[in-house]
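First the proteins, then the strands, lettered A, B, ... as listed; each starts at 1. What's counted below: heavy atoms across the whole structure, side chains too, no hydrogens, waters or symmetry copies.
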Number of protein chains: 2
Amino acid sequence: MMDLASLAIFREVARERSVTRAAELLGRVPSNVSTRIQQIEAEIGVPLFQRDKRPMELTKEGEIYLDYVDRILNLADEAQQTVNPATPAGVLRVGSMESTAAARLPGALAQFSLKWPQVTIDLSTAPTRQLVDALLANRIDCALIAVPEGEWWLAQDELDKVPIFREDLMLLLPPGHPEVQHPGEIKPRALAAFAPGCTYRMLSEEWMMGLGPARSALRIHEVRSYHAMVACTAVGSCFSILPRSVLDLVPEVSRFTTRYLMRADTWLATRPGYKTPAFQVFREMLLDSSDIKGTNNNAAE
Amino acid sequence: MMDLASLAIFREVARERSVTRAAELLGRVPSNVSTRIQQIEAEIGVPLFQRDKRPMELTKEGEIYLDYVDRILNLADEAQQTVNPATPAGVLRVGSMESTAAARLPGALAQFSLKWPQVTIDLSTAPTRQLVDALLANRIDCALIAVPEGEWWLAQDELDKVPIFREDLMLLLPPGHPEVQHPGEIKPRALAAFAPGCTYRMLSEEWMMGLGPARSALRIHEVRSYHAMVACTAVGSCFSILPRSVLDLVPEVSRFTTRYLMRADTWLATRPGYKTPAFQVFREMLLDSSDIKGTNNNAAE
DNA sequence: GACTTAAATTCTGAAAAAGAGAATACACAT
DNA sequence: ATGTGTATTCTCTTTTTCAGAATTTAAGTC
């Protein structure tokens, strides 16, 4: 019958599109990997790869099967971790906003991988909205997201959440720009921001709208990184809004004109009930490096 | 590494609480089953059974692990079926209302198991509400439920649905009871009905309330089967509301007073995207034995 | 279109694991 | 205590997995 090892082999080959590379990564010999794939194909009765293409390509069925295999292997990993909490180990799939990944995670993650070398952290970044989707679709295990205070477009108990970082959202204006009190006084025509789904962008847009009725047509220049965002602002063509913790990383911030806007805390969210030891130590680690130390974070216990 | 066969063995032993019986059911020898269990325990590092109890009992970790194993094996089965639609096979977990199971399924299922002996049908019954929960929690694969026309407490696209049976909801009054036009004219004090979550019960209550304002305190006698419901009504202490198809099964119905109330169609629902060949032939079979033949049932194709 | 190259597959013998069946240990009953 | 039905251990046989060499195959190069 089917072996989880075979499924892991299939997953690796599918990812690498190569028997040889997969074999190296798995510490096996190519002939072995090749046969295991063929065994799976024989068992399910469907070819998984197109052998007549040289960078090996998955067949349509292969794609579907890979999706199932991913879910099965994640479940198996989670089962192992949940049932034997003695040793945090395995994979923890972390999703994070760009800002948190830039300003908060590097230190914490370095520390974490030293203390828990058995845990592999799989980090990906995306805007808050997409992170929530990924979480609910089981593509990641936990996410660092910005929850706008008060209103919240996700049902109350659809996710477990703990506040982790207190962030001040700052207005960043080009160097030499005069201080402003109202959105209307901002000179650059466009806001540099991330793709839709980003909570900060949403908050920024609200602030612009709410206070400056004249500024009804807010232009948005979409960027893919904070470096790009700051660069655009430095040049004077845009202004931007970003957390103070990221601002602190910008060399020579003092040349820019900045202004405090609002609070926007970062939360650590999971699917309800997800509680592997790897995740628990990860959460502890984040709370330790946090400025909101030990507030209401025992609700989930 | 872990073998799906091992997981299936563990599941069987956990179900049967016996190595010997599990071995028989799986066509294996007990020593083999015993060792596979021990291999799993060695791999996950946690004992799954309490060996000092004689009907073997799962440990706490065993319970948790069993839950994961169930999900993993169901996924694997679904993967196999989805990816190779050639041969409908494997397990199809069907949930049904009591009424449908009584009046509609026996014939259809008998026919089905003759035509598709490779498919094992796992039938359970529950009220509509609970069936929907079970479906979303992945405890069953499809469900035969009553969707009240118009209003519907489930989000539009949370489930895929097809109408299967046209049901007439009938009022059943004790033998000799005079014909009624309004709820107020009903003599028995109590309605015999299933547990809350039953759509028919909900519709019944609405009908009673909507038309008879005097009858504000409707007493409900909860029953667990239609036989009990009919028996209570025969005795004269209750009245009841049930689909005509079930009524047709009652011996000597003609002695009772009956009256048509409303339509309440039965739908076949699945999680969105669930489409194994076993399910597809099951759906075809139901549609064939249905009175709503081939209406709007190609939306899901 | 032949040649090169890198990669997948097939073939083979050695090593490891799983299986059956008999013997043993164990929990619960009387 | 002693018997009975189960689970486990032990031993041997069969099956499967694995590594390494040989072979085939797909794509790029002259």
Notebook entry, point to check: Can you check the B/L26 CG to D/dA7 P distance for me, whole Å?
Noted result: 13 Å
Checklist line | Under 3.5 Å donor-acceptor, A/R271 side chain and A/L135 backbone | finding: yes
Item checked: A/V69: which of A/L7, A/I64, A/I40 passes side-chain contact (heavy atoms from CB on, under 4.5 Å) -> A/L7
Check: When rounded to the nearest 0.5 angstrom, what distance separates CD in B/E24 from OG in B/S18?
Finding: 8.0 Å
Margin query: Can you list, in residue-number order, the parts of residues 58-70 of chain B that come under 4.0 Å of DNA chain D, counting heavy atoms only?
Written below: none
Item checked: Selection from D/dA7, D/dT9, C/dA8 that lies nearest to any side-chain heavy atom of B/M56 -> D/dA7
Next item on the list: State, without any angle test, whether B/R93 and B/N138 hold a side-chain donor-acceptor pair at a distance under 3.5 Å.
Entry: yes
Check: So which pairs with a foot in residues 20-45 of chain B pass ring pair (Phe, Tyr, Trp, His ring centres under 6.0 Å), sequence neighbours left out?
Finding: none
Checklist line | Gap between atoms CD and P, on A/E57 and C/dA8 respectively (whole Å) | finding: 14 Å
Next item on the list: Would you please name every residue forming a side-chain contact (heavy atoms from CB on, under 4.5 Å) with B/A8, sequence neighbours left out?
Entry: B/L73
Item checked: Whole-Å gap separating C1' (C/dA7) and CD1 (A/I37) -> 15 Å
Next item on the list: Mind listing the closest non-hydrogen atom pair of A/R201 and A/A195 along with its distance?
Entry: NH1-C, 3.5 Å
Next item on the list: Return the angle between end axes of the helix from C/dG1-D/dC30 to C/dT30-D/dA1, with five pairs used per end and rounding to 10°.
Entry: 30°
Check: What pair of heavy atoms forms the shortest contact from A/L159 to A/P272, and how long is it?
Finding: CA-CD, 4.2 Å
Margin query: Can you confirm whether the side chains of B/E78 and B/N74 place a donor and an acceptor under 3.5 Å from each other?
Written below: no
Check: Taking atom types as modelled and ignoring hydrogens, do the side chains of B/S34 and B/Q38 form a donor-acceptor contact shorter than 3.5 angstrom?
Finding: yes
Notebook entry, point to check: Under 4.0 Å between a Lys/Arg side-chain N and an Asp/Glu carboxylate O for A/R51 and A/E41?
Noted result: yes
Notebook entry, point to check: Got a second to check how far B/L75's CG is from B/T82's OG1, nearest 0.5 Å?
Noted result: 9.5 Å
Item checked: side-chain contact (heavy atoms from CB on, under 4.5 Å) between B/D141 and B/Y274, worked out -> CA-CA 8 Å; B/D141 298 317; B/Y274 182 84; 3.4 Å; yes
Check: C/dA7 P sits how many Å from A/E16 CD, rounded?
Finding: 12 Å
Margin query: Could you tell me how far apart B/Q38 (CD) and C/dA17 (P) are, to the nearest whole angstrom?
Written below: 16 Å
Item checked: Within residues 17-25 of chain A: residues closer than 4.0 Å to DNA chain C (heavy atoms) -> A/S18, A/V19, A/T20
Notebook entry, point to check: What is the distance from CD1 of B/I40 to P of C/dA17, rounded to the nearest Å?
Noted result: 16 Å
Item checked: Base versus backbone protein contacts along nucleotides 18-30 of chain C [heavy-atom cut-off under 4.0 Å; B, S, -] -> SSBB----BSS--
Next item on the list: Starting from P on D/dA7, measure out to CD on B/E12 and report it in whole angstrom.
Entry: 13 Å
